[in-house]
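The first residue in the sequence is number 1, and the count goes up from there.
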Amino acid sequence: MCGIVGYIGPKKAFPILINGLKRLEYRGYDSAGVALNNWGLKTYKCKGKVQDLLDHIGDEDVSGTIGIGHTRWATHGEPNDVNAHPHLSGNKRLAIIHNGIIENYAHIKEVLIKEGHTFESETDTEVLIHLIEAIQTKENLPLEEAVRLALTKVIGAYAIVVLDKEDPNKIVAARKGSPLVVGIGEGEFFIASDGSPIVEYTKEVVYLKEREIVTVTRDGQITIKTIENEVQTPFIQKLDIEIEALEKGGYDHYMLKEIYEQPTRVADCMRGRLNSKKGNLIRLGGVEEHANRMVNADRIIIVACGTSWHSGLIAEYLIEELARIPVEVEYASEFRYRNPVIGEKDVVIAISQSGETADTLAALEMAKEKGALIYGIVNVVGSSIARLTDAGSYIHAGPEIGVASTKAFTGQVTLLTLMALSLANKRGTIKTSYYQQLARELENVPGKIQEVLDSCNNQIKYIAEEMKDSSNALYLGRGYNFPVALEGALKLKEISYIHAEGYPAAEMKHGPIALIDENMPVVIIATNKSSYEKIVSNIQEVKARKGKVIAIVTKGEKVISQLADYTIEIPDTAEPFTPLISVIPLQLLSYHIAVMRGCDVDQPRNLAKSVTVE
Ligand code: G6P
């Protein structure tokens, strides 16, 4: 949700800022802007993507060695040139970029207007820079002190970076609720929302903590203070990403690259945790550390949003079936505001690719306060959720850049499968022989995902051609495949803008069946073993209403293949592991449809990858 980047040092700032913004564009792409601060404060900004900004700047002079850049996902004020960041103070001395929301901006604005301030944009960010200006001018303070005092008056979430025309040898940045990383190079500093704009220059970073303000200067000084004015020692860490992971690697889109990475990433997620040849087949550090509380939990509550919530639903099936612990899966945004009953014997698991989703983070904070054990299943190392939790497991999917989540989903489901099996074994709820059999089969899953990628892509392209002009689509599944249906529908909606609904196959007759006619493609994930006849009946019901059935079945299946208009065969596996394989054709289907419709696959309209606002 908004990407921010800053640079101070001996190099030209502009190419570093633009490069950084391109890497951060997945966080929002409603508008983009930069400010440079060598010979006076120069800002360039416009509606649209980073490329639009470059076109807008044309051959203007963009030299300078200190600057900030922003790519926006609009909250306050529509995406237009005026609302684009950076924003300037009234006296045009200060420039700010901001990720987050200043909740009490209306009140602050009212006070400032009474003091004579006028505003150009509708943003909360412009209000904040005017507040900093007011404090700085009244008391003639250095920038960092004015920023600090202003932040004591602000309610909300922010990562901000501020420049002062009168002090072109300094950048001040601060965070609360939104991430910020400082990169330390040779006589230079980088500031960014995540490590991706920094990694090609340095791997030494400091992750700013909540309510911290950092000042970096041209002479190599880095100073960190809390908003309460306590000096902190910077904790330097190694950035754990490789530059190749941030490139498209020959694929047309990041999403396609990420779909094809899944066999490797699922295997990475299992590495060191699953070894079917060893006595202790599965070892998840987080579970082992808190084995007592996890094994004896009254309840597991899973909180998440979007695709991660779908992984949570699969976990409900897995953990209840295998480990026999009651599981509830909640939208984080609903959970945190409905005063839920949480006890000390509950385990609350947050699932989040980014580890920054505001609602998920807040739900966890609440659960922590109520004494539950909080566990994070996260992709981004060092993210806010990873830092807040008592225990956790990284999914090791590598940077996911396509806004529509693919490899993070299979990574999450793999991790949750390992967790369910480990808990089941510890609780003795499944026979050892079955546990061993499942562990062996899980090791085969990456190979089976590869098989789907190798064998189904051309056929899926063909089906995509048939589906691409539909206005609606229905996705149905039962059991483990119900959340997969939800995920398939979400993927289609997100990137192709075709309205799609996921439904439990049997529930279809209580509503969506009314929508079915010869124009309605119905994607049915029908690899079930336990309720095979039932899903066959559901397909009959759709066919009786002339719906067009696209069925995902297990290789060798005969009955459904006769009924369906199109059949995609996937390899057989143990039923609890089906989602890891059955989701792959659905990802490819939505990808190809979106490409055929000319949609921006990696940056679908209105969406952002990391939702750091409520
Ligand atoms: C956004 C993304 C989705 C993601 C959701 C939750 O909506 O576009 O792909 O599933 O946020 O994000 P998280 O990082 O918490 O998994």
Side-chain angles (χ1 to χ4, degrees), residues 1-38 42-46 48-57 62-73 84-86 95-100 159-163 171-173 175 178-186 188-208 214 216 239-248 254 354 356 380 382 399-401 403 602-603 608-610 612:
M1 200 111 302
C2 299
I4 60 186
V5 58
Y7 176 77
I8 182 168
K11 299 194 182 93
K12 278 192 177 162
F14 186 73
I16 295 172
L17 299 176
I18 292 295
N19 209 7
L21 289 183
K22 284 190 175 160
R23 295 217 188 282
L24 290 172
E25 212 168 19
Y26 72 90
R27 301 177 69 90
Y29 27 83
D30 290 332
S31 63
V34 292
L36 296 160
N37 193 28
N38 282 75
K42 278 191 280 185
T43 54
Y44 304 95
K45 56 183 189 171
C46 68
K49 300 196 169 181
V50 178
Q51 188 54 49
D52 297 302
L53 176 68
L54 285 172
D55 296 343
H56 167 76
I57 294 174
V62 286
S63 52
T65 55
I66 169 171
I68 54 179
H70 187 266
T71 175
R72 177 170 188 244
W73 187 85
H85 298 214
I96 188 171
I97 50 174
H98 168 215
N99 166 24
I160 55 167
V161 190
V162 189
L163 296 177
I171 297 181
V172 175
R175 75 156 276 185
S178 299
L180 210 55
V181 190
V182 182
I184 305 173
E186 293 277 318
E188 59 188 355
F189 292 102
F190 305 81
I191 295 175
S193 301
D194 66 34
S196 62
I198 297 176
V199 63
E200 57 201 273
Y201 309 104
T202 176
K203 287 209 161 188
E204 309 264 281
V205 292
V206 174
Y207 289 96
L208 216 59
V214 63
V216 289
L239 201 54
D240 187 23
I241 37 176
E242 296 304 326
I243 190 77
E244 301 76 51
L246 304 171
E247 311 281 350
K248 282 193 199 144
Y254 283 110
S354 61
E356 300 293 346
V380 178
E400 190 181 62
I401 294 166
V403 165
D602 284 332
Q603 295 175 350
K609 181 109 196 112
S610 176
T612 51

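Without hydrogens or angle criteria, T202 side chain to I184 main chain gives a donor-acceptor distance under 3.5 Å. Proximity of a side-chain donor or acceptor of K203 to a complementary backbone N or O of I241 within less than 3.5 Å is detected. Formation of a donor-acceptor pair under 3.5 Å by the D602 side chain with backbone atoms of Y254 is found in this model.
Considering H70, R72, R27 in turn, H70 is the only one that fulfils the side-chain contact (heavy atoms from CB on, under 4.5 Å) rule with I4.
Nearest heavy-atom pair, Y44 versus L53, reported as atom, atom and distance to 0.1 Å: O-CD1, 3.6 Å. Taking both residues in full, the closest heavy atoms of G100 and S178 are given as CA-OG, 4.1 Å, listed atom of the first, atom of the second, then distance. A pairwise comparison of heavy atoms in L180 and A159 identifies CD1-CB, 4.0 Å as the closest pair. G20 and V5 get closest at one heavy-atom pair: CA-CG2, 4.5 Å. Smallest separation of non-hydrogen atoms from L163 and G67: CD1-CA, 4.2 Å. Here the shortest heavy-atom pairing between G195 and V181 reads N-CG2, 4.2 Å.
Atom OG of S31 and atom CG of D52 lie 10.0 Å apart (nearest 0.5 Å).
In this structure, K42 places its NZ atom where more than 12 heavy-atom neighbours from other residues, nucleotides or ligands lie under 6.0 Å away. Around the NZ atom of K49, the shell of radius 6.0 Å holds more than 12 heavy atoms that belong to other residues, nucleotides or ligands. At most 12 heavy atoms of other shown residues, nucleotides or ligands fall within 6.0 angstrom of atom CG in D240.
With respect to the salt-bridge test (charged N to carboxylate O, under 4.0 angstrom), the residues E188 and K11 qualify.
Neither side chain, S193 nor N99, offers a donor N or O lying under 3.5 Å from an acceptor on the other.
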Under the criterion ring-ring contact (aromatic ring centres under 6.0 Å, His included), I'd like the reasoning laid out for Y7 against F189: C-alpha separation, chi angles, the key distance, then a yes or no. CA-CA 6 Å; Y7 176 77; F189 292 102; 9.4 Å; no
